Amino acid sequence: MFIKSDDHETVREWISELSVLQTDLEIRVWPNVDPIEDIDFALVWDPRLGDLARYPNLKCIGSLGAGVDHILKDPGLPEGVPIVRLVDQQLIRAMSEFVLLHVLRYHRQQPQFEAAQRESRWITLPPPNTGETRLGFLGLGELGRDAAIKFRALGFDVAGWSRRLKQIDGISSYSGQDGLAALLERSHYLICLLPLTAETRGIINRRNLALLPTGAFVINCGRGGHVVDEDLLSALDSGHVAGATLDVFHVEPLSSSHPYWRHPRVTVIPHASSLTSARSGAPQMIENIRRVRAGEAPMNQVNRQAGY
Ligand SMILES: NC(=O)c1ccc[n+]([C@@H]2O[C@H](COP(=O)([O-])OP(=O)(O)OC[C@H]3O[C@@H](n4cnc5c(N)ncnc54)[C@H](OP(=O)(O)O)[C@@H]3O)[C@@H](O)[C@H]2O)c1
């Protein structure tokens, strides 16, 4: 097998965790993968376009993260080779913490209190009504579902939009274009935890933002490509969107000249909401290596057609 990431620390951690679990595993570090005939498993982040088609005996491609857009963007991917992603409980918990933190920060008027403190100003704000506060999740998969359930437990009115309708206790489920419009119209907080696919790219755009109630907040933890930046900025400037917390961007690191950095109603987080840990991710990759070598189907397979 080989591992490919541009981050040396990630590579070091993964090799260390995989090797503890399977001492005889031969791990090469891309680009030192020769002879390529030996490679049966590729564990990658942002592989070079066309590279994955070079390995004649490749049995499986593993993503070093929950998303697979960095793999599927390659038009030259080998046909018929399964792609697997990480489903990491630690990452799921961390993402829910992040979304809880940022929704509650707005909900409990923390920016206003902090601004008042900077001016030594004692202010009184009416307390928010949690039961009447409606949250809309774009994406009710591993990440969206966990966060949605946690907000429901706090008493928020929670809904989610997904490709297939869901049955989750106390959470309203929407799908399709009509469902999207209905979800947007009711959401005081819009939280994006979608994968980036041909269907979801640019979903946070002028038309969809206009459907949100005035004064809504947007939290994007999916991918930068979900947002049409100019449309979000103009919705923020007009006050239609009251605030946005953005963890992901079209180009990362975000350019120092990007208007998000200095926008008074934008919180920029440098893609830090939640990270895959080699410690918690390695066991499922070891199991997948075992499975593909035994001719069994791997876990957490991606549907190439759907794009996630
Ligand atoms: N910011 C970060 O650090 C960070 C960390 C990890 C992941 N992420 C992002 O979060 C994404 C979601 O992760 P996950 O593990 O929750 O993925 P997942 O389990 O595959 O869930 C994806 C959800 O999106 C829904 N969906 C996909 N395409 C759709 C469409 N066209 N219309 C409506 N709903 C659609 C799916 O619907 P169904 O349930 O019907 O399939 C599912 O509910 C990842 O792909 C990645 O981009 C970001």
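Quick caveat, the model's predicted, so the values are computed rather than measured. All ligand and atom numbering here is 1-based and tracks the order in the structure.
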Contacting atoms of ligand 1, where contact means under 4.0 angstrom from a heavy atom of G222 = 9 (C), 47 (O), 48 (C)
Quick one: does N300's side chain have a donor or acceptor within less than 3.5 Å of a partner on V84's backbone?
-> no
For E199, counting its heavy atoms only, list the atoms of ligand 1 lying under 4.0 Å from any of them.
-> 31 (N)
Less than 3.5 Å between some nitrogen or oxygen of L143 and one of ligand 1, yes or no?
-> yes
Can you list the ligand 1 atoms lying under 4.0 Å from a non-hydrogen atom of G139?
-> 23 (C), 24 (O), 43 (O)
Which bit of E142 is near ligand 1, meaning a heavy atom under 4.0 Å away: side chain, backbone, both or neither?
-> both
Measure from the side-chain N and O atoms of N288 to the backbone N and O of M299, and report whether any donor-acceptor pair falls under 3.5 Å.
-> yes
May I ask you to check whether F98 and H102 place their ring centers less than 6.0 Å from one another?
-> yes
Min N/O separation G141 to ligand 1 under 3.5 Å | yes
May I ask you to decide if the ring planes of Y189 and F217 are parallel, tilted or perpendicular, using 30° and 60° as cut-offs?
-> parallel
Heavy atom of the protein closest to atom 1 (N) of ligand 1 (residue, atom name, distance) = D247 OD2, 2.8 Å
Below 4.5 Å, heavy atoms only, C-beta onward: do Q110 and R108 meet side chain to side chain?
-> no
Joint hydrophobic cluster, L233 plus L211, side-chain heavy atoms closer than 4.5 Å | yes
Using heavy atoms and a threshold below 4.0 Å, how should the contact between T197 and ligand 1 be classified: side chain, backbone, both, or neither?
-> neither
Atom 20 (O) of ligand 1 [closest protein heavy-atom partner, distance rounded to 0.1 Å] | Y308 CD1, 3.3 Å
Quick note on ligand 1: atoms under 4.0 Å from a heavy atom of R85 include exactly 14 (P), 15 (O), 17 (O), 18 (P), 19 (O), 20 (O)
Hey, does the side chain of N205 reach the backbone of G202 with a donor-acceptor pair shorter than 3.5 angstrom?
-> yes
How close do L135 and R186 get, heavy atom to heavy atom, and via which atoms?
-> O-NH1, 3.6 Å
Run the salt bridge (Lys or Arg N to Asp or Glu O under 4.0 Å) check on D69 and K73 step by step: do they pass?
-> CA-CA 6 Å; D69 44 304; K73 72 179 183 198; over 6 Å; no
Contacting atoms of ligand 1, where contact means under 4.0 angstrom from a heavy atom of V248 | 1 (N)
Ion pair R28/D38, N-O distance below 4.0 Å = yes
May I ask you to identify, for P195, whether its side chain, its backbone, both or neither come under 4.0 Å of ligand 1 on a heavy-atom basis?
-> both
Check each atom of ligand 1 against the heavy atoms of A66 and keep those under 4.0 Å away; list them by number with element.
-> 6 (C), 7 (C)
Whether H188 side chain and G215 backbone form a donor-acceptor pair below 3.5 Å | no
Shortest protein contact, atom 4 (C) of ligand 1 (heavy atom only) | M95 CE, 3.5 Å
For atom 39 (O) of ligand 1, which protein heavy atom lies nearest, and how many Å away is it?
-> K166 NZ, 2.5 Å
Number the atoms of ligand 1 from 1 as they appear, then name those within less than 4.0 Å of a heavy atom of C221, with their elements.
-> 1 (N), 2 (C), 4 (C), 8 (N), 9 (C), 48 (C)
The closest protein heavy-atom partner of atom 44 (C) of ligand 1 is G67 CA, 4.0 Å
Answer side chain, backbone, both or neither: which part of R145 comes under 4.0 Å from ligand 1, heavy atoms only.
-> neither
Answer side chain, backbone, both or neither: which part of L194 comes under 4.0 Å from ligand 1, heavy atoms only.
-> both
List the closest protein heavy-atom neighbour of atom 12 (C) of ligand 1: residue, atom name, distance to the nearest 0.1 Å.
-> L193 O, 3.4 Å
Main-chain N/O of A94 paired with S274 side-chain donor or acceptor, under 3.5 Å = no
Any N or O of L140 that comes nearer than 3.5 Å to an N or O of ligand 1?
-> yes
Are I203 and W161 side-chain neighbours, meaning at least one heavy-atom pair lies under 4.5 Å?
-> yes
Atoms in ligand 1 with a heavy atom of S273 nearer than 4.0 Å | 1 (N), 2 (C), 3 (O)
When distances are taken from atom 32 (N) of ligand 1, the protein heavy atom at minimum range is W161 CH2, 3.2 Å
Ligand 1 versus R164: contacting region, heavy-atom distance under 4.0 Å = both
Shortest protein heavy-atom distance from atom 30 (C) of ligand 1, along with the residue and atom involved = R163 CG, 3.7 Å
Heavy-atom distance under 4.5 Å between the side chains of L49 and D74, does that happen here?
-> yes
Would you mind checking if R93 and E97 are paired as a salt bridge, meaning a charged N to carboxylate O distance below 4.0 Å?
-> no
For S274, is at least one N or O under 3.5 Å away from an N or O on ligand 1?
-> yes
